[in-house]
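Inspection log for the structure reproduced underneath, given as structure tokens.
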Protein chains: 2
Amino acid sequence: MSVPGATRIAYTPERLLAVAVEVFNLRGYDGTSMEDLARATGITKSSIYHHVRSKEELLRLAVSRALDRIFAVLDQPAARTGRAIDRLEHVVRASARVLVDELPYVTLLLRVRGNTATEQWALERRREFDRVVATLVARAVADGDLDDTVEPRLATRLLFGMLNSAVEWYEPARADATADLGAAVWRLASAGLRRRPAGS
Amino acid sequence: MSVPGATRIAYTPERLLAVAVEVFNLRGYDGTSMEDLARATGITKSSIYHHVRSKEELLRLAVSRALDRIFAVLDQPAARTGRAIDRLEHVVRASARVLVDELPYVTLLLRVRGNTATEQWALERRREFDRVVATLVARAVADGDLDDTVEPRLATRLLFGMLNSAVEWYEPARADATADLGAAVWRLASAGLRRRPAGS
DNA sequence: GTCTATATGTTGATAGAC
DNA sequence: GTCTATCAACATATAGAC
């Protein structure tokens, strides 16, 4: 049923992945059937299997892309040198950029439950990331730059819980106050919301 | 295959629900089959259908329980009278208590995607809750008690994103620093993590 | 690279005996 | 209240023509 004059989309694994991830995020990975993907792409189930081995491969491609981008943050110079508090700020802001730039992929990653081998691997890598950040928070506390009344591990989880929650509500279309997500998160996490009478 | 001497668990809808919610949270609602529930309960699929009409009914029972507890927070006197900032603090702390006390049910509620009519109803009620809280935040800003540099709606989302993230990591077994989740969340959200040289 | 047709297992749910 | 047996629909995935 090709339309004359309208060029048929040539599916690459990359483009197929983009469509699949959208549907996964809408319906959930388990709630999405290959038939759903067929409808969304405009080709049949069989044609999809020409590009990928399995439904799980699509998941693996998606979460590994998200993980690559997120771990790249930890390799940036600003995350590896300087005062712990400044490195932490950089990790938060750069992670926020990754979240926004790769929103569908990061969203899928953050919703992984652990049903398949792929999902368990993704969960393990996420824990690895959390451990690195928790170490950074602990160091900032030791440096006297962060309050020591909130336990480092708890602080880390609240900090990234706040940031990661953005996958549930961030709308890239709107160029509103949420434009710089990282700035907002860092401001709230470091200074808090409460207005102070005088001084900073 | 009943064991003599070991009293067979008498299943009530309530007890069945508790088991089902555990499995739903482990595998995801869509990733859980009635056969999975049969294994977890120790009775057959057919027996489960003696207690509930459908798999979706289990979901509905679970999320409505969570929603009831959460909306009850807004009806408490401390959430309805006094300064907006104090009402907000109470809503955060009371919501944290609900999250902890009803952890499996709240967890399931927060993971709903919208595939079924039940799920869409749950999402709509969650948005309703968010709107009430956002109004409270806006009022606290107007009162001059909250900083006006972070937009109220964004602040609300970050605040509850932080709190709700607890369903991903909170462990009731451990009576550690996370014992009072609400206190930790409120402290971080209001005062921030950064250590200040002098004064409060 | 896409299609039709199909294999093979699993799904949510029901019928009816005990 | 639980069971065995079964259903129709749908799942992932494959075979092979064009």
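Chain A is the first sequence line, chain B the second, and so forth, proteins listed ahead of strands; every chain is numbered from 1.
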So, do [X] and [Y] sit near enough that their side-chain heavy atoms are less than 4.5 Å apart?
{"X": "B/Ser95", "Y": "B/Leu163", "result": "yes"}
{"X": "B/Val91", "Y": "B/Val132", "result": "no"}
{"X": "B/Ser165", "Y": "A/Arg157", "result": "no"}

Got a salt bridge between [X] and [Y], using NZ or NE/NH1/NH2 to carboxylate O under 4.0 Å?
{"X": "B/Glu56", "Y": "B/Arg60", "answer": "no"}
{"X": "A/Arg127", "Y": "B/Glu168", "answer": "no"}
{"X": "A/Asp148", "Y": "B/Arg195", "answer": "no"}

_Donor-acceptor under 3.5 Å (A/Arg87 side chain, A/Ala79 main chain)_ = yes
*B/Asn25 side chain to B/Pro104 main-chain N or O, any donor-acceptor pair under 3.5 Å?*
yes
Separation of [N] [atom2] from [X] [atom1] (nearest whole Å):
{"X": "A/Ile48", "N": "D/dA13", "atom1": "CD1", "atom2": "C1'", "answer": "12 Å"}
{"X": "A/Ile43", "N": "C/dT4", "atom1": "CD1", "atom2": "C1'", "answer": "15 Å"}
{"X": "A/Asn115", "N": "D/dT12", "atom1": "CG", "atom2": "P", "answer": "14 Å"}
{"X": "A/Lys45", "N": "D/dC10", "atom1": "NZ", "atom2": "C1'", "answer": "8 Å"}

*Angle, rounded to 10°, between the helical axes spanning five pairs at each terminus of the helix from C/dG1-D/dC18 to C/dC18-D/dG1?*
0°
*Given D/dC3, D/dT14, C/dG12, the nucleotide with the shortest approach to the side chain of A/Tyr49*: D/dT14
*Among D/dT14, D/dT12, D/dC3, find the nucleotide with the atom closest to the side chain of A/Ser46.*
D/dT14
*Charged tip of B/Arg125 within 45° of B/Phe71 ring normal and under 6.0 Å*: yes
_Quick check with a 6.0 Å cut-off and a 45 degree axis cone: is B/Lys55 positioned over the face of B/Tyr49's six-membered ring?_
no
*Where along residues 17-35 of chain B does a heavy atom come under 4.0 Å from DNA chain D, residue by residue in number order?*
none
_Counting only heavy atoms and a strict 4.0 angstrom limit, can you tell me which residues of residues 50-60 of chain A come near DNA chain D?_
A/Ser54, A/Lys55
*At their closest point, which heavy atom of B/Ala20 faces which heavy atom of B/Leu58, and how far apart are they?*
CB-CD1, 4.0 Å
*asked:* Whether B/Thr44 contacts D/dC3 is assessed here as follows: a side-chain N or O lying under 4.0 Å from the phosphate OP1 or OP2. Is that the case?
replied: yes
